[in-house]
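One structure is given here, and the rest of the page talks about it.
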Amino acid sequence: MCGRYTATTNIEELSEVIPGKFQYPLFTPSYNIAPSQKAPIVTFTDDEYHGELAKWGLVPHWMKNPKKPFINARSESIFEKPSFKYLYAKNRCVVLADGFYEWSMFGNTKRPVYFYLENHKPFAFAGYWERDREEKDLRTFVIMTTEAAEDVSNFHHRMPVMLNKQGVEAWLRGGRKEVLRPFAEPIKHHIVSRIVNSPANNTPDCVLPADGEGAGA
DNA sequence: CCAGACGTTGTT
DNA sequence: GTCTGG
DNA sequence: CCAGACGTTGTT
DNA sequence: GTCTGG
């Protein structure tokens with residue numbers, strides 16, 4: 001699944017994945033974005049792209065007794081399940097990113113693995129947004145998941161839906177469902193330090209390779 | 001018709 | 001064990 | 001996703 | 001909001 005990710009460069013650089021111009025939101029790069037935190041998303045309405053900071057974790061507006069916010073939605077079922085169906089028409093968004101973490105067992109130890117693209121190229125997650133219950137001006141978002149691509153499958157069987165610039169346009173402008181699939185481009189990875197486990201840690205050390213440490217290969 | 005449920009992940 | 005917070 | 005807290009009473 | 005069950 002996807003429960004932690006990075007957006008480590010400035011917003012202009014991350015926005016290279018958006019196929020049009022828009023106003024950049026104020027954003028501080030992060031090596032450890034966790035659920036409930038605010039991060040940049042992009043929506044598309046009235047033929048314009050719009051960027052803003054939104055909160056990770058979506059509670060559907062119809063829920064009477066809100067429990068845990070949803071941080072992920074299975075892309076395979078979002079068109080059939082009543083829970084998310086209503087969001088497709090007008091609440092699509094993408095989430096700017098340049099890497100994500102998955103935790104995987106190595107022997108008896110669970111360790112974080114960092115996934116990213118060649119040259120640390122920026123990309124986006126496919127998502128849905130909805131207005132926050134209390135703060136009307138704040139949007140919340142959920143990240144779509146899909147089956148793991150080959151480069152990820154040794155570590156985890158699910159991964160976020162990743163989009164390149166072409167995919168962003170197809171999802172936001174076109175609402176094209178066929179972009180919701182495992183990413184087709186090569187994905188790089190390495191084991192990182194457990195300091196990333198705590199959302200309080202947000203330094204470049206989070207994404208550094210930490211090969212030897214602890215349980216061996 | 002109304003009432004009630006509606007998710008994801010991983011682990012067992 | 002279970003919930004909240006980041 | 002993981003980390004961290006999780007109760008009560010009375011007294012200051 | 002939308003679907004299923006009674």
Side-chain angles (χ1 to χ4, degrees), chain A residues 1-8 27-41 53-92 95 97-116 125-135 138-149 152-162 175 180 182 189 191-203 205-207 210 214:
Chain A
M1 94 187 274
C2 177
R4 220 67 84 72
Y5 69 95
T6 66
T8 68
F27 170 66
T28 306
S30 175
Y31 295 88
N32 197 354
I33 299 173
S36 82
Q37 295 180 354
K38 290 178 185 177
I41 68 167
L53 289 194
K55 188 178 172 184
W56 187 8
L58 181 154
V59 176
H61 65 88
W62 44 261
M63 267 203 170
K64 298 269 179 168
N65 303 308
K67 312 215 164 163
K68 270 191 246 172
F70 302 148
I71 64 172
N72 294 131
R74 284 181 73 90
S75 62
E76 295 94 331
S77 58
I78 52 172
F79 304 116
E80 286 116 50
K81 306 257 174 159
S83 336
F84 293 120
K85 200 173 183 180
Y86 68 101
L87 292 166
Y88 171 70
K90 297 184 179 230
N91 296 65
R92 300 188 304 279
V95 182
D98 61 6
F100 63 92
Y101 302 98
E102 298 287 1
W103 277 258
S104 184
M105 292 303 293
F106 294 80
N108 294 321
T109 321
K110 196 181 218 180
R111 306 192 67 190
V113 183
Y114 185 53
F115 296 91
Y116 54 99
F125 299 124
Y128 280 154
W129 65 269
E130 180 152 331
R131 295 214 169 282
D132 187 71
R133 301 212 158 194
E134 284 91 34
E135 276 186 73
L138 179 66
R139 288 184 206 205
T140 65
F141 66 91
V142 66
I143 293 173
M144 312 276 177
T145 61
T146 186
E147 196 183 323
V152 177
S153 60
N154 284 339
F155 304 93
H156 218 74
H157 68 112
R158 304 289 297 169
M159 67 179 282
V161 173
M162 300 166 67
L180 304 179
H189 72 269
I191 296 173
V192 293
S193 162
R194 287 185 198 80
I195 64 166
V196 76
N197 285 17
S198 172
N201 295 325
N202 179 7
T203 66
D205 292 340
C206 289
V207 300

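No hydrogens, no waters, no symmetry mates; every other heavy atom, side chains included, goes into these values. Protein chains get the first letters and strands the later ones, always in sequence-line order, with residue 1 at the start of each.
Note on A:R74: a side-chain N or O is less than 4.0 Å away from OP1 or OP2 of B:dT9. Note on A:H157: a side-chain N or O is less than 4.0 Å away from OP1 or OP2 of B:dG10. The side chain of A:N197 places an N or O atom within less than 4.0 Å of a non-bridging phosphate oxygen (OP1 or OP2) of D:dA3. In this model, the phosphate group of D:dC2 is approached by a side-chain N or O of A:K110 to a distance below 4.0 Å at OP1 or OP2.
The shortest heavy-atom contact between A:N32 and A:Q37 is O-OE1, 3.5 Å.
If you take atom P in B:dG10 and the same atom in D:dC2, they sit 10 Å apart, rounded to whole Å. Of the P atoms belonging to E:dT2 and B:dT9, the separation is 23 Å, rounded to the nearest Å. Between B:dT11 and D:dC1, the two P atoms lie 9 Å apart (nearest whole Å).
Within the 4.0 angstrom heavy-atom criterion, no nucleotide atom of any strand lies near A:A200. A:S36 comes within 4.0 angstrom of a nucleotide base, judged by non-hydrogen atoms across all strands. Residue-level contact check: A:F84 touches the backbone only, with heavy atoms under 4.0 Å from sugar-phosphate atoms and none from bases.
Checking E:dT2, C:dT4, B:dT9 against every side-chain atom of A:K68, the shortest atom distance belongs to C:dT4. The listed nucleotides are C:dG6, E:dG1, B:dT8; the one nearest the side chain of A:K81 is B:dT8. When distances run from any side-chain atom of A:T145 to the nucleotides C:dG6, B:dT9, D:dC1, the shortest one goes to B:dT9. Between B:dC6, D:dC1, B:dT11, one nucleotide has an atom nearer to the side chain of A:S83 than all others, and that is B:dC6. Distance from the side chain of A:W103 is smallest for D:dC1 among the nucleotides D:dC1, B:dT9, E:dG1. Of the candidate nucleotides D:dA3, E:dC3, E:dG1, E:dG1 has the atom lying nearest to any side-chain atom of A:W62.
Across the protein-nucleic acid pair, A:I195 atom CD1 and D:dC1 atom C1' stand 16 Å apart, rounded to whole Å. Whole-Å rounding puts the A:Q37 CD to D:dA3 P distance at 14 Å. Between the C1' atom of D:dA3 and the CG atom of A:N32 lies a distance of 12 Å, rounded to the nearest Å. Rounded to whole Å, atom C1' of D:dC2 lies 21 Å from atom OH of A:Y31. Taking atom CZ on A:F155 and atom P on B:dG10, their separation rounds to 15 Å, with Å as the unit. If you take CH2 of A:W56 and C1' of B:dT9, they are 12 Å apart, rounded to a whole angstrom. Note: CG (A:N202) to P (D:dC2) measures 18 Å, nearest angstrom. Distance, A:W129 CH2 to E:dG1 C1': 14 Å, rounded to whole Å.
Considering OH of A:Y128 and CZ of A:F70, their distance stands at 14.0 Å, rounded to 0.5 Å.
Of the listed residues (A:F155, A:Y116, A:Y101), just one forms a ring-ring contact (aromatic ring centres under 6.0 Å, His included) with A:H189, and that residue is A:F155.
For A:R92 (side chain) and A:L87 (main-chain N/O), no donor-acceptor pair under 3.5 Å exists by modelled atom type. Listed for the A:W56 side chain is a donor-acceptor partner under 3.5 Å among the backbone atoms of A:I71. A side-chain donor-acceptor contact under 3.5 Å links A:R4 to the backbone of A:V196.
B:dA5 is paired with E:dT2 under the Watson-Crick or G-U wobble criterion, all donor-acceptor distances under 3.5 Å.
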